[in-house]
2 protein chains.
Amino acid sequence: MTHPEKLSIKQIRYFEAIADSGSFRRAADRLGVAQPTLTVQIAALEKSLNVSLFERQRSGVILTPIGRELLPRARRIAEELRGFSEQARDISGGSTYRMGVTRTLGPYLLPRVLPQLHKKFENLRLYVRESTPAQLGTELKSAVHDVVMTTLPLQGDELEIAPLFREPVKLAVPLEHALAQKRSVTGADLIGESVLTINEQHLYHKQVSDLCESLGATVNHDFEGTSLDTLRQMVVMGMGISFLPALYVASEIGDSGTPKITDVDGVTMSRDHALAWRRRSPHRVTFRQLADAIKEVVKADLTEEVTLI
Amino acid sequence: MTHPEKLSIKQIRYFEAIADSGSFRRAADRLGVAQPTLTVQIAALEKSLNVSLFERQRSGVILTPIGRELLPRARRIAEELRGFSEQARDISGGSTYRMGVTRTLGPYLLPRVLPQLHKKFENLRLYVRESTPAQLGTELKSAVHDVVMTTLPLQGDELEIAPLFREPVKLAVPLEHALAQKRSVTGADLIGESVLTINEQHLYHKQVSDLCESLGATVNHDFEGTSLDTLRQMVVMGMGISFLPALYVASEIGDSGTPKITDVDGVTMSRDHALAWRRRSPHRVTFRQLADAIKEVVKADLTEEVTLI
DNA sequence: GGCAGGTGATAGCATTAATCTATCACATTT
DNA sequence: AAATGTGATAGATTAATGCTATCACCTGCC
């Protein structure tokens, strides 16, 4: 007999309005509908619920005891519906996007660009999670993230990839190391050197391995860092030399002088970073705008460290 | 752009079902509707809210960030609607009725009949309020009470009045009083006696006044009780004699012997009580049944004190 | 490269629901 | 008795929902 599917939002609004007005006619005037509309709809509501909500009198209507008990519930439903619409209105200017980032870039770039981004996107909210570049691509395709900031290469016809900038890598040398005393370092100086890096599951490991191979240096497999911070500490402690990304250097080392930071003459190693999202994402326009905005911030503030591409 | 009136309960249910299924087709199968129905309704919902709720893919759909944020709200609305229907279902077996009672009857009758009434009306809930018979009639007409139990007479074409029973009045005499020693008391014994009663706004006062006038006794205007209890205390303290209703006597005095309780030979004073409600009340069938049930309890348990009418 | 299959979208038609105008039924007030 | 005010009813109109059939697109397989 009671059938939830037969309820309608208008019936609930009519119930509320009549209870407030104490009269079908007055409620109809207020709502801008014809009085028989209310009569028919309330009768339908009463029938579907199998209760009487109002006692009809010549001078209007009064709530029955049942009507009195159900009215607060009707009000709550009306309130929840208002909240639904209002939240949608609030959100349509921006939602909470899930952003995946690499741990070798995210923590050192986002603090540099987010303040400026918030000036441009007032409602931007990001839920940032770290992952490896290999996993970030898969996770983006399967919607674990809405958008990712990662190191190229990244594959996927279904993805939209917006290149951001090229980040060079610096050589980090212990202060007591012979190379620290040299005015300039060349590739030949690295032959035979043992180079520390972070562990194998990171793209960064592969990039350093390839560089070492081309230079005649060797990758230290006995000691591997789990993050750029631990890598730096190992260098400071004299366990070997290492390569560190420029943004990390700018963010965490700066002018401290520890370890010694230098370029390698005639050798260029760098990493290209990009923002990526699914082509069919309803937010793809926003993400395109976000990529453009990041590039503008980089152009304005970070050209000492990185290069736009 | 956002228009709450354009929302429908079905759209919200469809939103929830598609989010749970991850596919329009699968949700359509579950709901027993055609897939294009969902497409059209979700598109309408997205348009009215000015947001995208789902990202469409070949393999189904995934929630957008906005969709993720709004889904809990949709679930809450669905839950509130279920609660509304369920509460109506629960209530349709009985609601909380507001019952007005006289203070000279209600407190001494209801404890005697309610246990039996609850066996018959499992969902009966009463919110009992005391008032004077004069006010109870007015208050019933203006829906302050849903139903009243009061002392006759009661006027009102718009009311339905179900007589319940006739309650005699007993003479209460201080133990030290001369009348307390008499084996039986007649009307002539009361000539010139000062009779205590409760104050004038009560119908009880008028009934005792009329009786005194016919017997040649006088009403004591110097001392008036505010309730039957205070009246009894005044009698116990020797301030005069008084008349007390039989149900009060049975309930509050019993066999205590204090004060002395007796009949007056050849004199019958009693009060008729009734249950009354508005003729047009949607609960009038229930109230008629309630009146019948009260009379049955009275017939079974209270015939030593009162008489059915 | 072509075909099959799976998804959501679109179009047109049918059905159902909501709403309106006009009027009725009833009770109270003048 | 007539006027007035309320909610109820009937029939016509309008709006909304849902269906069937088909299209558009994309992926995977041969």
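Each chain gets a letter, A, B and so on, in the order the sequences are listed, and its residues count up from 1. Remember, it's a predicted structure, so these values are computed and weren't measured experimentally.
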Integer-rounded Å distance: D:dT9 C1' and A:K47 NZ: 15 Å

Quick check for you: to the nearest 0.5 Å, what is the distance between A:R26 atom CZ and A:D20 atom CG? 11.5 Å

Nearest heavy atom decides the nucleotide; on that basis, is B:R56 or B:E158 closer to the 5' end of DNA chain C? B:R56

Whole-Å gap separating P (D:dT27) and NZ (A:K141): 12 Å

List for me each residue that meets salt bridge (charged side-chain N to carboxylate O under 4.0 Å, His left out) alongside B:R30, sequence neighbours excluded, and say none if there are none. none

Applying ring-ring contact (aromatic ring centres under 6.0 Å, His included) as the test, list every pair that has at least one member in residues 37-59 of chain A; sequence neighbours left out. A:F15-A:F54

Could you tell me from which nucleotide to which nucleotide of DNA chain C, 5' to 3', there is an atom under 4.0 Å from chain A heavy atoms? C:dA18 to C:dT28

Could you run through nucleotides 15-21 of chain D and give me one letter per nucleotide, 5' to 3': B if any protein heavy atom sits under 4.0 Å from the base, S if only the sugar-phosphate is that close, - if neither? --SSBBB

Spacing between A:Q57 atom CD and D:dT6 atom C1', to the nearest angstrom: 11 Å

For A:D157 and for B:R25, locate the closest nucleotide of DNA chain D by heavy-atom distance; then report the residue assigned to the nucleotide nearer the 5' terminus. B:R25

Please work out if B:R279 contacts a base, only the sugar-phosphate, or nothing of the nucleic acid, heavy-atom cut-off 4.0 Å. nothing

Testing A:R280, A:R278, A:R279 one by one against B:E55 for a salt bridge (Lys or Arg N to Asp or Glu O under 4.0 Å), which residue passes? A:R278

Main chain of A:R82, side chain of A:S85: is a donor-acceptor contact present, judged purely on distance under 3.5 Å? no

I need the full list of salt bridge (charged side-chain N to carboxylate O under 4.0 Å, His left out) pairs touching residues 133-146 of chain A, with sequence neighbours left out, sorted by first then second residue. A:D146-B:R68

Quick one: closest heavy-atom pair of B:L31 and B:A17, and the distance? CD1-CB, 3.8 Å

Looking at D:dT27, I'd like to know if its phosphate oxygens (OP1 or OP2) sit under 4.0 Å from a side-chain N or O belonging to B:R58. no

Do any side-chain atoms of residues 283-293 of chain A form donor-acceptor pairs under 3.5 angstrom with protein atoms, and if so which ones, sequence neighbours left out?
| residue | atom | partner | partner atom | Å |
| --- | --- | --- | --- | --- |
| A:R284 | NH1 | A:S281 | O | 3.0 |
| A:R288 | NH2 | A:E160 | OE2 | 3.2 |

